[in-house]
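Written out below as structure tokens is the structure these notes cover.
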Amino acid sequence: LNIGNKLSRGVRQQAAYQTKEQYMAYCVFTCKKPKTGAADGGLSAHIDREKWDAKEHKMVPFVPDSVIHPELSHLNKEYLLPPGMGRTEAINERIKEAGITRKIRDDQAKFLAFLCTSDRETMLKIYNDGRWQAWVDANISFMQKTFGKENVVGCAGHMDEVTFHL
């Protein structure tokens, strides 16, 4: 899949809901290809703000170093995961639904992780102007159109870090 042109076109489509008078900032859209097991470890701990405690045999709260506004953590939100379903479970369920039956190697990527944001001032303006949900919806729509709705299994918004992001 050649996503270079799709991503450029998608970023232009994503910005289409904004007028020049409203915002003249850029969008930061990065992609990582974590290895198998990453959803169970640090990445999920960061996204979900909890990690597995082997001594307690349960999930416990986790605050990553990137959190500088813990008083805003209550504004963090998961937009797509079904209630009660974890990120790893959603990824594995999607692989099963896709009919992939071959063994996935330990060093193979099972998912792509994206970060959508802009500069701090723009993200604050979007939020303070009451446009956060429209921005979230535009990003989710872009991802679903680019990669297929069924392939986008989770999307978390973080409001407690230096810059708001998905």
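Count residues from 1 along the sequence. Only heavy atoms go into these numbers, but all of them, side chains included; no hydrogens, no water, no symmetry mates.
- With contacts defined as side-chain heavy-atom distances shorter than 4.5 Å, the pair R94/E150 qualifies.
- In this structure, the side chain of T117 engages the main chain of F164 through a donor-acceptor pair within 3.5 Å.
- A distance of 6.5 Å separates OG of S118 from CE of M123, quoted to the nearest 0.5 Å.
- For N128, the CG atom is densely surrounded, since the number of other residues' heavy atoms within 6.0 Å is greater than 12.
- A salt bridge does not link K58 to D53: none of the charged side-chain nitrogens sits closer than 4.0 Å to a carboxylate oxygen.
- In this structure, V67 and F62 have side chains that are not in contact, with every pair of non-hydrogen atoms separated by 4.5 Å or more.
- Looking at every heavy atom in both residues, G84 comes nearest to E89 through O-OE1, 4.2 Å.
- When side chains are defined from C-beta on, L166 counts as touching V136, because their heavy atoms get closer than 4.5 Å.
- Between I140 and Y79, the closest side-chain pair of non-hydrogen atoms falls below 4.5 Å.
- Summarising the geometry, atom CZ belonging to F111 is positioned 7.5 Å from atom OG1 belonging to T88; distances are rounded to the nearest 0.5 Å.
- Side-chain contact between K125 and D119 is absent, with no heavy atoms from C-beta onward closer than 4.5 Å.
- Residues V153 and I91 meet the side-chain proximity criterion, which asks for heavy atoms closer than 4.5 Å.
- Looking only at distances, no side-chain donor or acceptor of H165 sits under 3.5 Å from a matching main-chain atom of L115.
- Here the side chain of N76 pairs a donor or acceptor atom with the backbone of M159 at under 3.5 angstrom.
- Annotation: side chain of R120 is not in contact with side chain of T122 (no heavy-atom distance under 4.5 Å).
- Checked against a 6.0 Å centroid threshold, the rings of F114 and F142 do not count as neighbours.
- For R87 and E50, the salt-bridge test fails: no basic side-chain N is under 4.0 Å from an acidic carboxylate O.
- The side-chain heavy atoms of P64 and R49, taken from C-beta on, include a pair separated by under 4.5 Å.
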